Amino acid sequence: MDNIKETFLEVVLSILPITIVITILQFTLVWLPLDMFLQFIIGVGMVGAGLVLFLLGVNIGLLPIGEMIGSALSKTKRVWLIIFFGFLLGLVVTIAEPDVRVLSSQVDQVSGGQIPMDILILSVAIGVGVFVALAMFRIIFSINIVYLLAGGYALVFLLAAFTPNVFVPISFDAGGVTTGPLTVPFILSLGVGVAAVMRGKTSSGDGFGLVALASIGPILSVLLLGVIYG
C-alpha cells in the first residue's frame, strides 16, 4: 500500500506542473477550443493512471526480474552466454520501449514514409542490444568505461561526416529515447545483477554506466542507416 501511495504521489508531482502551465496559457494567451482543452484534461488523467500502473509494474516485476536474470547468467560463468543474452534482452526491451515507438512514428510521418517506422525501431533496438552486450563484456573483464565512451563517441562523429544531414538529428534523438521508463530500469538492474556476481557485492556499482553506453548504440545504428539510405 505504501508503494502505491508513493508511486501515485510521484506521478502527480510529475504531471502537475505541465498541467498548471497549459491551464494558465489556456485562460490567458492561447484560448484553445473548449473541446480540445477538455481532451487535454482527460488525456492527463489517463496518462496519470497509466503511469501509476506502469511504474508499479516496473518496481514490482521488472526491476527484480532484471537483477535476478543478471545474477543467474553470471553464475553460469559462460562469457558468451552472458554477452548473447545481454544483446537479446537489450534488443527486445528496446522494441517494447514506448519512447522509441513515439519517435519512429513521428519520423515516419514527417519523412513521408521514406524512413519506415519498423526499420527505425529495429535499427535502434539492434544498436542498444550491441552496446548492452559490450557493457556486459566491460563488466566481466573490468574495462574502464571511459575508453568505451570516448571510442564510441569518436566513432559517432566520424560516421556523422558520411551520413546525410537529415539523419544526424534523428540519430541523437534515437539515443535519447532509449533512456525511457522501460529500458533504463531493466538495463540497470541487469547490469547490477551481473556485477554483483562477477565482481562481488562491493563492485555492484559497475552495473551503472550501461545506459550511457546503450545510448551510443542507437546513434551509430541510425547513422549507419543514413549511410545505407543515402
Side-chain angles (χ1 to χ4, degrees), residues 3 6-15 18 47-48 50-74 82-83 85-106 120-139 145-146 148-149 152-153 156 170-199 203-222:
N3 192 17
E6 291 177 3
T7 303
F8 179 78
L9 183 61
E10 179 183 353
V11 170
V12 169
L13 293 177
S14 298
I15 63 177
I18 188 173
V47 167
L51 279 175
V52 170
L53 294 174
F54 179 82
L55 292 175
L56 284 174
V58 168
N59 293 327
I60 294 172
L62 200 62
L63 290 176
I65 199 65
E67 191 167 347
M68 290 176 66
I69 289 174
S71 300
L73 287 174
S74 302
I82 299 172
I83 293 175
F85 277 101
F87 167 78
L88 186 61
L89 291 170
L91 176 75
V92 296
V93 77
T94 305
I95 291 176
E97 175 61 55
D99 291 354
V100 175
R101 295 193 167 274
V102 171
L103 174 70
S104 59
S105 64
Q106 290 181 340
L120 186 60
I121 291 176
L122 185 60
S123 63
V124 170
I126 291 174
V128 173
V130 169
F131 271 78
V132 170
L134 184 62
M136 298 294 105
F137 186 84
R138 178 194 79 84
I139 293 173
I145 193 172
V146 174
L148 297 179
L149 290 175
Y153 278 105
V156 164
I170 295 174
S171 66
F172 280 91
D173 283 342
V177 297
T178 55
T179 59
L182 187 63
T183 306
V184 169
F186 190 82
I187 290 179
L188 282 180
S189 58
L190 180 68
V192 169
V194 171
V197 174
M198 300 300 297
R199 305 287 305 281
S203 300
S204 61
D206 291 329
F208 293 91
L210 268 72
V211 177
L213 282 174
S215 297
I216 301 176
I219 301 176
L220 287 174
S221 62
V222 175

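FYI, side chains are in, hydrogens and waters are out, and symmetry mates aren't considered; it's all heavy atoms of this structure. It should be emphasised that the depicted structure is a prediction, and the values quoted were computed from it without experimental measurement.
- With sequence neighbours excluded, no residue forms a ring-ring contact (aromatic ring centres under 6.0 Å, His included) with Tyr153.
- Atom OG1 in Thr7 sits 12.0 Å away from atom CZ in Phe54 (nearest 0.5 Å).
- Annotation for Phe87 and Val130: closest pair CD1-N, 3.4 Å, computed over non-hydrogen atoms.
- Here the closest non-hydrogen pair linking Ala135 and Leu210 is CB-CG, 3.6 Å.
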Next on the checklist: The test is side chain to side chain contact (heavy atoms under 4.5 Å, CB included); show your working for Ile69 and Phe85 and say whether it passes.
Outcome noted: CA-CA 10 Å; Ile69 289 174; Phe85 277 101; over 6 Å; no
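- The structure places CD of Glu67 at 10.5 Å from CG of Leu188, a figure rounded to the nearest 0.5 Å.
- Leu134 CG to Ile145 CD1: the interatomic distance, rounded to the nearest 0.5 Å, is 9.5 Å.
- For the atom pair CG (Leu190) and OG (Ser74), the distance works out to 8.0 Å, reported to the nearest 0.5 Å.
- Note that CG of Leu149 is 10.0 Å distant from OG of Ser215, once rounded to the nearest 0.5 Å.
- Val124 and Ala174 get closest at one heavy-atom pair: CG2-CB, 3.8 Å.
- Taking all atoms of both residues into account, the shortest heavy-atom contact from Val156 to Phe172 is CG1-CZ, 3.8 Å.
- With sequence neighbours left out, the side-chain contact (heavy atoms from CB on, under 4.5 Å) criterion links Leu53 to no other residue.
- Annotation for Ile18: atom CD1 does not count as buried by contact number, only 12 or fewer foreign heavy atoms lying within 6.0 Å.
- Annotation: the span from Leu89 atom CG to Ile187 atom CD1 amounts to 9.5 Å, rounded to 0.5 Å.
- With hydrogens and angles ignored, the 3.5 Å screen pairs a side-chain donor or acceptor of Ser221 with a backbone N or O of Ser123.
- Nearest approach of Thr94 to Gly90, heavy atoms of both residues: OG1-O, 2.6 Å.
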Checklist entry - Given Leu73 and Met136, is the side chain to side chain contact (heavy atoms under 4.5 Å, CB included) satisfied, shown in steps? => result CA-CA 11 Å; Leu73 287 174; Met136 298 294 105; over 6 Å; no
Item to check | Derivation of the side chain to side chain contact (heavy atoms under 4.5 Å, CB included) call for Ile95 and Arg101 | outcome: CA-CA 8 Å; Ile95 291 176; Arg101 295 193 167 274; 3.6 Å; yes
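- When each of Leu182, Val128, Leu103 is tested with Glu97 by the rule side chain to side chain contact (heavy atoms under 4.5 Å, CB included), just one qualifies, namely Leu182.
- Residues meeting the side-chain contact (heavy atoms from CB on, under 4.5 Å) test with Ser171, sequence neighbours left out: Ile219, Val222, Leu223.
- The minimum heavy-atom distance between Val58 and Pro64, with the atom names listed, is O-CD, 4.2 Å.
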